[in-house]
Amino acid sequence: MDAVTRRKFLITSGVVGGVALAGGATAFTLKDILDTAGWDDRPKDAKTLVIVTLYGGNDGLNTVIPYADSAYQSARPELAYRPDEVLKLDDQLGLSPALKGLKALYDQKKLAIVRGVGYPKPDRSHFRSMDIWQTAQPDRPGNTGWLGRWLDAVGGDPRHAVSFEPVLPPLLAGEKTAGAAVPLTGLKLPGGIKPAMLTGLGKPSPGEPALQARAARAFADLLAVDEMVKQVKGAEQTPENPGTVLHDQLDLVAQCIEAKVATRVFSVSLGGFDTHADEKTPQLGQLTKLDGALSSFAQRVAGKGVVTAVYSEFGRRVRANASNGTDHGTAGPMFVFGDGVHGGMHGQQPSLTDLDQGDLKYHVDFRSVYAALLAKILQEDPAKILNGYSQQFEGLI
Amino acid sequence: MADRKAVAHLLRRATFGPTAEEVDAAEKAGYEATLTALFDTSKPDAGAARAPVPRLGSDKKERQQAVAWWLDRMALADHQLHEKLTFFWHGHWATSVQKVKSAALMLQYQQTLFTTALGDRAVQVKAMLRDPALIIWLDGEKNTAKAPNENLGRELMELFTLGIGHYTEDDVKAAARALTGWQVDRTTGTARFNPKRHDAKPKTILGRTGNFDADGLADILLAQPANAEFIAARLWFRYAGNNNAPAEATQHNDTAGMLKAILASEEFKQTQGQLVKQPVEWLVGAHRQLKTRPSDLPNQPNVLNQLGQLPLQPPSVGGWPADAAWLTTSATQVRLRAAQQLAGKANVDRLTAVPAAQRIDALARLLVVDAFTARTTEVLKTVANDPRKLLALGLASPEYAVM
């Protein structure tokens, strides 16, 4: 990996952004986002897209479980769930016991499960595969995220695409502009530091190095956030470890949607899926967090034109390794739910015996799900955003 | 006399942060002699001797002690280039105590990085493949002939030696097989090779077929041209900037030679102000310049944790991010507070000794900042009569955030 790619991968693991960010995109405050409520550039029937990224490669086969397939039990004897443990969806598949809330959504026909989503020539590096998912460029991931390119296309203010993660994911970095990263740390100025000092240090200085200019800008942002904390109603409810827990991020997304902000796209994430050994318990813990956060969010924003899509950079190998874990694999399931989504099973379940080097063969190109989301939720021509790719996954929305 | 800015740039990058006196001496000695001296580790390190490696066990409390010790060592050591390069390797072979769960094993890992930091890369790779902490971190113990675990094999190729795109999935699987059989004895802190768990059958790795074990695999990886290019690019990324390492750097098998080629290059001299100081560089550099000892402020590990760079706890095997990632609003706030605390602890005689009107120049000299911009000078002027406040704002300033 050359330095530039490497840098980009660090970016992908939850840091900095692409080209637009390197140019000095700034952080916005929650107040900046809430202030957009008065904007009239949002069509009356406009929908909101929420993207949930699960970092680390979630084991799809222990999430949407082919419990009735004897190949599942025999490939991972210690790691497999018994048929009586899973939350049965039909006579073949069941959800992880951790996903009780999603099971209820599925039963109400509100949760769509897209099976076997992946891309050709799978890459098993976390970083490369996450690049591919976020850029939607499977052959050669570039510097822009697919929703960053959407933002470019709508010529939008950064506040049309918002991340409540600690740093902006490349997903939202476009060529010309980038989404807004909204820091949520409760801010308090240290004693003796006067706002005028921050204003002073926050000014640009002609000819200074780009990163020094950015360091200066952080002072101006700090001041803005400090004012937000003082002024915005409800800011005292800012969670203790903001931005770190999916539940807290989605809580803020819901607040913004309820306030009718102009934002069309929100990005949130949950890390910690990178397990290789004795992974049953840690994955259950992660999925429990995911389930609680998603199901309460689904309930809260129901009827408000919100669609949520959940993905991870890859699934895991069918066969367990010797340490009761699984190694990096390929295709995995996506969850999609919200207004207008057709609940139920979508896509073909990958075979557990007809494998590609020990891994599941994908049947659904992830870009076809993106294409459907772009066309149906963001009313945008998918081909324009996905470098000519235009095949929409049918029947989802 | 050398150009003061040029040697200050060299010292800012090669060390954790030079003192004004060190820049004075370098200015007299010249660029070449300064560069040579940076790599000279022949004399005993009297500074490092003031922070000897502690004996620690696996108690949870001892993890904090290990970090506190390392910060002291970084600040006090005279062989600054060696110490900073050790920290570079920590970010490269990024291993976290959170999974290793033993301060003793983490210190042993740190010492392996230290002793192999400057030398032949092959020696380092082979030593790391036997390092108990790294083996635990990447599930090496669970990698057996019966059922290989690919975690270590994959990261060895992707992150430690070659970089993505220079191997295939089949190479990863074969590499995992070559690495089978290593087990860690936590009481003695040693890794042991168990032939019964090793896959001794032939493997094909990067076009070569043989009965390869860990060392055999290391030899294959080190022989790839991609290895020198990858490591040179990583060094360039942390020491110089975002463009490409000069080709000269790839002509060395030892890290000292490679890094020296980078620091001697004309391209390197053009990179002033293009890197953001990592939190460890920022904090340890400040302690060096203010001549304070990090462990005298017990909250320093906590400050680094808030800034997102606690040594011995990298966020993932990919190590720490760089540049703009460190310039968040919350980090700015933490730096302001930490700067105030440092300024409260430091001896500010060198600022009080001069009239208020000259204090901003004295501050720039103390912190080895080439010059404060007019913007920052305006703010500093408002506190020039209060040396501690002046120092705090200088440490928190945008000019001091980059190097």
Query raised in the report: Between K146(B) and chain A, which part of the residue has a heavy atom less than 4.5 Å away: side chain, backbone, both or neither?
Result: neither
Query raised in the report: Using non-hydrogen atoms only, which part of D359(A) is less than 4.5 Å away from chain B: side chain, backbone, both, or neither?
Result: neither
**Report entry** chain A-proximal positions within residues 137-145 of chain B [heavy-atom distance under 4.5 Å]
**Finding:** D139(B), K142(B), T144(B)
Requested in this report: Using non-hydrogen atoms and a 4.5 Å limit, figure out which bit of D123(A) sits close to chain B: side chain, backbone, both or neither.
Outcome: side chain
Query raised in the report: In terms of heavy-atom proximity below 4.5 Å to chain A, should V379(B) be classed as side chain, backbone, both, or neither?
Result: side chain
Report summary line: Counting heavy-atom pairs under 4.5 Å with chain A, the top scorer among N149(B), V402(B), D170(B), V276(B) is N149(B)
Query raised in the report: Can T330(A) and R316(A) be counted as having a side-chain donor-acceptor contact under 3.5 angstrom?
Result: no
Query - Evaluation steps, ring-ring contact (aromatic ring centres under 6.0 Å, His included), between F230(B) and H166(B) - result: CA-CA 10 Å; F230(B) 179 64; H166(B) 296 286; 8.1 Å; no
**Report entry** E158(B)-S125(A) side chain donor-acceptor pair, cut-off 3.5 Å
**Finding:** yes
Query raised in the report: Quick check: does any side chain N or O of T168(B) sit under 3.5 Å from a backbone N or O of D171(B), one acting as donor and the other as acceptor?
Result: yes
Query - Under 3.5 Å donor-acceptor, E313(A) side chain and G57(A) backbone - result: yes
Query raised in the report: Out of A232(B), G273(B), A226(B), which one racks up the most heavy-atom pairs below 4.5 Å with chain A?
Result: G273(B)
**Report entry** Proximal component of E208(A), with respect to chain B [non-hydrogen, under 4.5 Å]
**Finding:** side chain
Requested in this report: Give a yes or no on whether the backbone of T373(B) and the side-chain of T376(B) come within a donor-acceptor separation of less than 3.5 Å.
Outcome: no
Enumerate, atom names and distances included, each donor-acceptor pair closer than 3.5 Å involving a side-chain atom of residues 193-205 of chain A, sequence neighbours excluded.
{"from": "T199(A)", "atom 1": "OG1", "to": "P195(A)", "atom 2": "O", "distance (Å)": "2.9"}

Query raised in the report: Non-hydrogen atoms of chain A under 4.5 Å away: do they reach the side chain of V383(B), the backbone, both or neither?
Result: side chain
Requested in this report: Without swapping roles, check the side chain of R154(B) against the backbone of D327(A) for a donor-acceptor pair under 3.5 Å.
Outcome: no
Report task. Please report the closest heavy-atom contact between I136(B) and V100(B), naming both atoms and the distance. Result -> CG2-CA, 4.1 Å
Query raised in the report: With no hydrogens and no angle check, do the side chains of E279(A) and T326(A) hold a donor and an acceptor under 3.5 Å apart?
Result: yes
Report task. Answer with side chain, backbone, both or neither: which region of R317(A) has an atom nearer than 4.5 Å to a non-hydrogen atom of chain B? Result -> side chain
Query raised in the report: Do Y239(B) and T271(B) have side-chain atoms, one donor and one acceptor, less than 3.5 Å apart?
Result: no
Report task. Below 4.5 Å from any heavy atom of chain A, which atoms of Q340(B) appear? Answer side chain, backbone, both or neither. Result -> side chain
